2 protein chains.
Amino acid sequence: MDQQSVTMSDVARAAGVSVTTVSYVLSGKRAVAPDKREAVQKAVAELGFRLNTVAQSLRTKRSRTVALIVPDIANPFYAQLARGLQDAMRPERYHVVVCNTNADRAEELLYLDDVVRRRLDGVVITPQWLAPEDFDAVRAAGIPVVVSSDTGPGSLDLVRADSHEAVDQAVAHLARQGHERLGMLAGPAGAPAGDPRLELYRAAAGRHGLDLPAGLIVRGKHTREAGAEGLRRLMSRKKPPTAIACVNDRTAVGALEAAEQLGLAIPSDLALIGHDDIEIASLVRPRLSTIRYPAYEAGSTCGRLLLERIAGRAGRSEVALRTRLVLRETT
Amino acid sequence: MDQQSVTMSDVARAAGVSVTTVSYVLSGKRAVAPDKREAVQKAVAELGFRLNTVAQSLRTKRSRTVALIVPDIANPFYAQLARGLQDAMRPERYHVVVCNTNADRAEELLYLDDVVRRRLDGVVITPQWLAPEDFDAVRAAGIPVVVSSDTGPGSLDLVRADSHEAVDQAVAHLARQGHERLGMLAGPAGAPAGDPRLELYRAAAGRHGLDLPAGLIVRGKHTREAGAEGLRRLMSRKKPPTAIACVNDRTAVGALEAAEQLGLAIPSDLALIGHDDIEIASLVRPRLSTIRYPAYEAGSTCGRLLLERIAGRAGRSEVALRTRLVLRETT
DNA sequence: TACCGTAGCGCAATCGATTGCGCGATGGGA
DNA sequence: TCCCATCGCGCAATCGATTGCGCTACGGTA
């Protein structure tokens with residue numbers, strides 16, 4: 001049941017040496033005479049000894065564990081990000097604990113607090129509601145943080161999308177097809193960082209002579225339901241848009257479904273463009289035109305930055321991952 | 001930088017009491033005089049003290065962390081399972097570390113070993129290649145294990161699908177539509193537990209007078225690519241099947257794409273049926289008929305069983321989650 | 001006055017590792 | 001023969017909590 005587990009002193013006794021020697025055999029940090037080394041290894045094998053990493057962490061102050069704090073791991077985008085992060089951390093023998101916040105500020109804070117309590121070695125976070133000062137405690141504890149988001153507190157390492165060019169191309173494409181009124185299903189209102197994707201579309205619309213009036217910007221969560229709801233709202237306007245840009249593919253898929261229910265023909269009645277290019281985007285019909293953001297690569301990049309930081313890198317880094325317009329059947 | 005963090009003895013000094021008292025104020029396990037209690041609380045607040053859970057774990061031998069060991073968190077099925085598990089563990093303040101094995105036996109063993117090294121409080125695992133004795137070390141360490149799989153080592157808690165009825169209905173439905181030759185895209189060959197889903201289809205085919213010849217059973221991984229490849233193999237047989245059952249939805253989607261490329265009409269030339277009902281299943285066109293397995297619920301059930309075990313439940317439990325046939329457009 | 005139960009608190013051992021420091025043995029050079 | 005550098009090893013402190021045990025003070029009862 002609650003087996004007494006084998007400790008280093010058990011091994012030491014069995015091998016006829018001190019725990020010091022056992023420790024050094026295991027870590028290889030100091031030379032040990034061949035006969036003792038072998039005696040230790042034999043004892044380790046026979047007793048089935050396993051280093052207790054909790055005790056090790058207490059002593060060394062390194063837990064070899066990092067946290068990934070995201071709104072929802074069941075969202076394929078974050079699942080992909082998680083995978084990238086984990087694959088990057090694995091070779092260094094780091095574990096990743098996944099934390100779902102449901103895009104709730106209280107949960108974000110709770111998890112951040114947990115990180116310092118548990119003395120984790122680092123955090124990758126896609127914050128939804130956090131202000132720079134919310135990171136003070138983590139920073140004070142000396143715990144490295146990498147933010148994965150379009151924008152974040154200016155002092156932390158950041159991995160973001162560089163969608164400038166792709167959005168410009170997307171809008172140019174829509175303009176070429178004769179669209180004049182653009183609508184947008186944007187992210188939630190009140191986010192501390194504003195809504196960078198909305199700003200990109202706004203600027204691009206200006207450049208290409210499209211109209212993106214305030215009345216055609218709908219705020220909502222990053223979900224299918226919100227996308228569907230948003231589309232219905234947009235299409236019930238006096239002057240509905242002929243093209244809609246969506247903050248991500250989930251909302252775009254929701255919008256697609258709602259449009260279908262309304263009997264709208266895509267793309268002839270209405271063009272839709274998503275963001276991220278998650279697996280679903282190429283599987284729905286009509287296939288979703290979107291702006292591809294390499295989530296897996298974003299995750300592994302976060303991992304790389306985190307490892308660098310843990311290893312002691314000093315300066316801040318910011319990596320902008322290039323996105324790419326993928327034209328399919330909804331535009 | 002590497003901030004000296006505040007410990008209980010710092011708090012004790014500031015509050016003019018012993019660490020013992022601080023500990024008891026924090027845990028509430030012993031009565032403490034109001035004035036001292038307040039002094040401690042004040043000191044905690046002023047110093048920004050946070051309990052070091054590593055030290056706590058060492059002392060109490062509980063890490064409040066469990067592992068989830070699955071082939072791939074980027075697979076929506078497992079992502080959903082993970083979410084269910086996490087939601088179940090969260091109220092008890094447990095963390096979940098997610099481990100991807102890529103369905104590789106060596107990785108499975110490595111992670112299992114890690115679990116005991118890190119003295120985690122429990123494991124949920126969907127093993128692909130593990131035999132009962134591979135769990136000996138974990139068992140010896142007294143660490144609770146819950147298996148999420150169609151079948152598993154008979155001695156461990158198990159959460160599985162009960163697809164008997166649904167598969168029977170699916171096959172009956174195919175028979176009713178006049179199908180006679182059934183093919184199957186099954187799981188990898190050589191799994192220690194055999195392939196329960198294949199067996200279900202085999203039995204049901206017998207009952208309903210369908211042919212499921214050995215030549216029409218293709219083994220492969222649980223991926224889209226394997227599904228596509230498998231379909232091509234099946235359709236190049238002398239006598240190809242008119243209906244194919246797939247081990248899960250990912251392979252079914254792969255098969256669907258391959259069928260489309262071959263110019264096959266679904267469902268008139270070929271019927272397809274999947275398993276799990278992941279989000280994609282209802283989004284592809286034609287929409288995939290499938291057998292719905294509630295992955296989220298499976299995850300939360302695993303969490304519940306794990307918590308019971310941690311709390312001391314003795315007997316083994318096995319939960320069979322009822323699956324349900326969902327007929328859409330591929331049959 | 002003597003005795004005893006109880007509430008409040010602290011000492012010190014303990015969990016299982018890591019590591020600075022120093023000690024003894026060995027051997028090469030003068 | 002003597003000295004000192006080098007190698008191998010162990011003692012004991014330390015990381016930051018938890019908790020068994022025992023001590024003091026206080027108040028009620030006989």
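Predicted model only: the values in this text are computed from it and were never measured. Only this structure's heavy atoms are used, side chains among them; waters, hydrogens and symmetry mates stay out. So that the names make sense, note that chain A is the first sequence line, chain B the second, and so on, each numbered from 1.
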Once you round it to whole Å, what is the distance between [atom2] of [N] and [atom1] of [X]?
X	N	atom1	atom2	value
Leu51(A)	dC15(C)	CG	P	17 Å
Arg118(A)	dA17(D)	CZ	C1'	15 Å
Asn52(A)	dG16(D)	CG	P	17 Å
Met8(B)	dC15(D)	CE	P	15 Å
Arg62(B)	dT18(D)	CZ	C1'	14 Å
Lys36(A)	dC7(D)	NZ	C1'	13 Å
Arg50(B)	dA17(D)	CZ	P	13 Å
Glu38(B)	dG8(C)	CD	P	14 Å

Test side-chain contact (heavy atoms from CB on, under 4.5 Å) applied to Ala137(A) - qualifying residues, sequence neighbours left out
Arg50(B)
Using the ring of each side chain (for Trp, its six-membered ring), is Tyr111(B) parallel, tilted or perpendicular to His95(A), with breaks at 30° and 60°?
tilted
Closest listed nucleotide, where the reference is the side chain of [X] and the choices are [options]:
X	options	answer
Arg59(B)	dT18(D), dG16(C), dG16(D)	dT18(D)
Ala33(B)	dC9(C), dG16(C), dA17(D)	dC9(C)
Ala31(B)	dT18(C), dT18(D), dG8(C)	dG8(C)
Phe49(B)	dC9(D), dG16(C), dA17(D)	dA17(D)

[X] and [Y]: side chain donor to acceptor below 3.5 Å:
X	Y	result
Arg105(B)	Thr101(B)	no
Ser155(B)	Arg139(B)	yes
Tyr293(A)	Arg160(A)	no

Tell me which residues in residues 11-29 of chain A lie within less than 4.0 Å of DNA chain C, going by non-hydrogen atoms.
Thr20(A), Ser23(A), Tyr24(A), Lys29(A)
Hey, is the side chain of Arg30(B) pairing donor to acceptor with the base of dG10(C) inside 3.5 Å?
yes
Under 4.0 angstrom between Gln56(A) side-chain N/O and dG16(C) OP1 or OP2
no
Does dT18(C) have its OP1 or OP2 closer than 4.0 Å to a side-chain nitrogen or oxygen of Lys61(A)?
no
Using the rule side chain to side chain contact (heavy atoms under 4.5 Å, CB included), only one of Leu158(A), Leu305(A), Leu156(A) pairs with Ser317(A); which is it?
Leu305(A)
Can you list every pair that meets side-chain hydrogen bond (donor to acceptor under 3.5 Å, both in side chains) and has a residue in residues 32-48 of chain B, with sequence neighbours left out?
none
